[in-house]
Amino acid sequence: MKKKIVSTMLCAAMITTMLAGCGGSDNGGAAQTPAADDSAAEAPAGDDSAAAPAAGGGSVYWLNFKPESDEVLQEVAADYTAKTGVEVKVVTAASGTYSTTLLSEMDKSAPPTLFVIGNQAGVKDWKDYALDLNGTAIANELNTDAYNLYDETGKLVSIGYCYECYGIIVNPDLIEKAGHTMDEIKNFDGLKAVAEDIHARAGELGFDAFSSSDMDDSSSWRFTGHMANLEYYYEQEGTNWTECPPTISGKYLDNFKNLYDLCINNSLTDPKELATGGHDAENEFKTGQAAFFVNGSWEYEAVKADVPNATMIPYYCGVAGEEKAGLNCGTENCWAINSKASAEDQQATMDFMVWCVTDPDASRKLVDTFGVMPYKSAAESTNGFLAAADKYTSDGCYVMNWATNFQPNVDSYRATLVSALNQYNADQSDANWETVRTAFVDGWAAEYNAVNN
Amino acid sequence: MKSKKITATNSLQKATKRWGFLFMGPVLIAFIIGFVWPFIQGIWLSMCQFRLISDAKFIGFGNYVKTFQDASFRHAFWYTAMFAIVSLVIINVLAFIVAYILTLEIKGSNLYRTVFFMPNLIGGIVLGYIWSMIFDGILGRYQTSILLESKYGFWGLIILMCWQQIGYMMIIYVAGLQNVPGDILEAARIDGATSMQTLFKVTIPNVMSSFTICMFLTLTNGFKLFDQNLALTGGQPFIIQPGGTTVKTTEMLALNIYNTFYSSNTTSQGVAQAKAVVFFILVAGLGLLQLSYTRKREVQQ
C-alpha cells in the first residue's frame with residue numbers, strides 16, 4: 001500500500017515537473033509575491049496595495065528600453081551612486097521584450113521606479129501606474145512639449161527624454177563615386193534614377209544601392225514599423241491622429257510599395273533570400289558595399305567612424321509635393337515615474353532624472369548615446385542625422401510624425417505584415433501584393449477589434 | 001556482532017522516521033513554492049481579468065468560453081496533436097533502431113553514443129535559429145524558405161526535434177537493452193528463434209518499460225514544445241484571411257498561449273491563463289492515458 005502511495009507521489013511529482021513549463025512561464029514572478037497577492041485578494045479593486053519596500057532615503061530602479069544604451073546607462077548610474085550615495089539600478093530589457101519585461105517587473109516587490117511609457121497604447125495600459133509629472137522639477141527642465149504623452153484627463157503620464165528620427169541613411173561619397181550628386185535626390189523619381197543606376201552598374205562600381213532588407217525580427221521593424229509610417233503619415237492628411245483609428249484606408253499604400261520595391265530590387269541581396277535574414281545591413285553600409293541604408297538616427301554612433309559624411313534623407317515615395325518632406329521625427333522614449341513606488345523612491349528618482357539632464361558630464365554621456373535630449377541644460381547633440389533632421393525643419397520642410405506608434409496590437413500586426421511581405425518578396429505578383437494590402441489595411445482593423453473588444 | 005548490526009539498523013530506521021521530514025522539508029517547500037502554489041494561482045487567475053497578477057479581478061468562466069471560441073487555439077491544438085504523434089512515432093522508432101545497433105558490440109559504439117547524445121545539450125532557441133539557417137541554406141537554392149510554406153515548417157520542426165531527442169531516447173533504450181537478461185536470449189537462441197523472433201518476442205517485451213518512459217517523454221515534449229517552435233518559424237507563414245484576421249499555420253499550443261498572453265488586449269491575459277489550464281489538463285490526461293496503456297504491456301522479469 002505504502003509502496004503504491006510512494007509511487008503515485010513519484011509519478012505525480014514527475015508529471016508536475018514535466019508540465020511545469022506550461023503554467024510556470026506565464027507567471028514568472030508568482031512565487032515571490034505572495035504578500036502582494038494576498039492583499040489584492042482582500043481588496044480586489046485596490047490599486048494601492050503593492051508598495052515597494054522603502055529603502056533608507058530612497059533608491060532608483062530604471063527599467064531601460066534601449067539595449068544599445070545599456071553600457072552608458074550603467075556608467076551614468078555608477079557615477080551618480082559614487083557622487084550621491086543613492087543606489088541606482090539599471091536593468092535593460094532585451095531587444096523587443098520591453099513590454100513583457102515591464103509586465104513581470106512591475107509585479108515584483110521592488111518594481112521599477114523609472115520606466116518607459118512610449119506611446120498612446122502604453123499610456124492606456126500603464127497610466128494608473130504613472131505619477132502626474134505636470135509642474136514637476138523634471139518637466140520644468142524641458143525645452144519642448146512635443147514629445148510628452150498625456151492621458152485623456154490631461155495628466156502628464158510620461159515625458160520625452162530623447163527623440164529620434166528615421167529615414168534613408170545615405171553615403172554621399174558613394175553617390176558621387178557613381179557620378180551622381182545628392183542634389184539629384186529631391187523626390188522619388190530622383191531617388192529611383194540614382195538607385196537603379198547604381199544597382200545596374202554594381203559590378204563595375206564595387207558597391208550596390210540598398211543594403212539588405214532582411215525580414216527577420218532583428219530587421220523587419222525597419223519596414224513594418226518605420227517605412228510603413230509614410231503611409232500612415234500621409235493618410236492623416238495633415239491632421240495628426242491623437243488616438244488609434246479603428247480603420248485605415250491604405251490610400252498611400254502604393255507609395256509605400258514604390259519605395260519598398262526600390263529597396264528590395266536594387267539591393268545587395270536577392271529579395272528571395274530575405275525571409276530568415278542573416279545579412280548585416282549595418283555592416284554592408286559601413287564597409288561601403290551599399291550606398292543606402294534604411295534606418296534611424298541611433299545608427300549614427302555606429303556608422304560615423306566608417307562613413308563620416310553619412311547623412312539622412314526622407315522617405316521619398318512619389319507623393320505630390322514631397323520635395324518639402326522632412327525626416328520622421330518622434331520618440332518612444334518617455335520617462336514615467338512609478339506612482340506605486342514609495343515617496344522616498346519617487347523623490348530619489350526625480351532627483352536622478354534632473355541630474356541626468358542638467359549635469360554636464362552625465363548629459364554629455366547620455367546625449368552621445370541617445371542622440372539628443374530635449375532639455376534646456378542638456379549637452380548639445382553631436383548626431384549628424386538629427387542635425388539633418390534639424391536642417392530639413394529649418395528649411396521649411398514638414399516633419400513626418402510617428403503615426404506608426406498607433407499600430408494596434410503592434411507585435412501581432414507587424415508579424416502578419418512580415419508574413420505577407422515574405423510571400424511578396426519570394427514572388428512579386430499582384431496577388432501577393434493584395435495579400436500585403438489585406439495585412440496592412442484590413443489587418444489594422446482586425447487587430448484594433450481584437451484589442452478593443 | 002550480528003545483533004548489534006540489527007539494532008543499529010532498527011535505530012537508524014527509527015531516526016529516519018523521526019527526522020525524515022527535516023530532509024524532505026526543503027524539497028517539499030521548494031515544490032510548493034515552485035509548483036503547487038503557482039499552479040493554484042494559475043487556476044485562480046484563469047477566472048480573472050488582470051494585467052498584473054497582484055491586481056486581478058474575478059470574472060468567472062468567461063475566459064474559458066473565449067478559449068473554446070478561439071479559432072487560433074483550435075488550429076494550434078490540431079497542429080500540435082499532429083506534431084506530437086508524428087514526432088512520437090519517428091523519434092521512438094529511430095531511437096530504438098540506433099540503440100539496437102549500438103548494443104551489437106560495434107567498435108567505437110561508446111563514441112557514437114556520446115555523439116548522438118550531444119545535440120540534447122543545446123538549448124532550444126539556439127537550435128531553432130541554427131536550423132532555420134540550415135533549412136534556408138538548402139531551401140534558398142529552390143527560391144523558397146521555411147517561412148513560406150507550412151509543410152516545410154512542420155517537417156523542419158520534426159527534423160529538428162528528431163535531431164535533438166533521438167540521442168536522449170537512445171540512451172534510455174540502450175540502458176533497457178543492456179538489462180535484457182542474457183540467459184533469456186540464450187534460451188531463445190537454443191530454442192532456435194530467428195534474430196527477428198528474438199527481437200520482437202524477447203527483446204522488445206523486455207524493454208517495454210523503456211518504451212513507456214520514452215513515449216511519455218516524447219509525447220509530452222511534443223505537446224509542450226515552445227522554444228524550437230518560436231525560434232524556427234514563430235508561427236509563420238500566416239494565412240491572411242479577407243478581413244485581416246490571420247491563422248498562424250505553424251503555431252503550436254504553447255506559443256499560442258504565449259502570444260495570447262502578450263497581446264495588448266486588456267482581457268487577453270486571463271484568456272491565456274485559461275488556455276494554459278486547458279493545456280495542462282490536456283497534456284496531463286494524454287500523458288496518463290499513454291502511461292496506463294504502455295504499462296499494461298510491460299513484463300515483469
Side-chain angles (χ1 to χ4, degrees), chain A residues 11 13 15-27 29-31 33-34 36-37 39-40 44-45 47 49-50 99-100 103 106-107 121 125 215 217 272-273 275-276 278 408-412 415-416 418-420 422-423 426 435 438-439 441-447 450-453, chain B residues 31 33-39 41-42 45 51-58 132-133 135-136 140 143-148 216-217 220-221 224 226 234-238 240-246 248 254 257-259 261-266 272-273 276-277 279-280 283-284 287-288 291:
Chain A
C11 236
I15 292 162
T16 323
T17 319
M18 314 275 2
L19 304 173
C22 63
S25 59
D26 287 347
N27 40 29
T33 55
D37 202 65
S39 55
D47 285 338
S49 51
S99 57
T100 57
L103 201 57
M106 287 299 263
D107 224 5
D125 287 346
M215 277 295 136
D217 287 349
K272 294 184 177 74
E273 292 168 13
T276 41
N409 207 7
V410 48
D411 294 341
S412 173
T416 308
V418 165
S419 180
N422 275 337
Q423 302 287 353
T435 312
T438 308
V441 179
D442 299 344
W444 183 291
E447 298 291 356
V451 173
N452 291 291
N453 284 322
Chain B
F31 185 67
I33 292 176
F35 299 126
V36 179
W37 174 246
F39 183 67
Q41 204 180 21
L45 285 172
R51 170 153 287 270
L52 296 187
I53 55 173
S54 53
D55 211 4
K57 194 173 83 205
F58 184 79
S132 77
M133 284 179 210
F135 287 133
D136 267 23
Q143 311 293 349
T144 181
S145 157
I146 189 158
L147 298 179
L148 292 176
F216 178 81
L217 286 175
T220 52
N221 278 346
K224 296 181 306 160
F226 176 73
Q236 303 262 16
F238 299 174
I240 296 154
Q241 296 165 321
T245 54
T246 55
K248 299 175 180 174
I257 294 170
Y258 173 87
N259 283 336
F261 191 85
Y262 288 115
S263 99
S264 44
N265 191 329
T266 44
Q273 200 63 49
V277 171
F279 179 55
F280 168 79
V283 178
L288 290 174
L291 270 185

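By convention in this document, chain letters (A, B, ...) are assigned in the order of the sequence lines, proteins followed by strands, and residues within each chain are numbered from 1.
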Is A/Thr416 in contact with chain B via its backbone, its side chain, both, or neither, using a 4.5 Å heavy-atom distance? both

Where does A/Ala445 contact chain B at under 4.5 Å (heavy atoms): side chain, backbone, both or neither? neither

Interface check, chain B: of A/Gly443, A/Ala415, A/Ala420, most non-hydrogen pairs under 4.5 Å belong to A/Ala415

If you count heavy-atom pairs within less than 4.5 Å of chain B, which of A/Gln423, A/Glu273, A/Glu447, A/Met215 leads? A/Gln423

Can you tell if the side chain of B/Tyr262 reaches within under 4.5 Å of the side chain of A/Leu103, non-hydrogen atoms only? yes

State, yes or no, whether a side-chain contact exists between B/Phe279 and B/Ile257 at a heavy-atom distance under 4.5 Å. yes

Can you name the closest pair of heavy atoms from B/Leu148 and A/Ala426 and give their distance? CD1-CB, 3.5 Å

Any side-chain to backbone donor/acceptor pair from B/Asp136 onto B/Ile146? Under 3.5 Å, distance only. yes

If one checks every heavy atom of B/Thr245 against chain A at 4.5 Å, the contacting part turns out to be both

First locate atom OG1 of A/Thr435, then atom CG of A/Asn422, and finally report the distance between them rounded to the nearest 0.5 Å. 12.0 Å

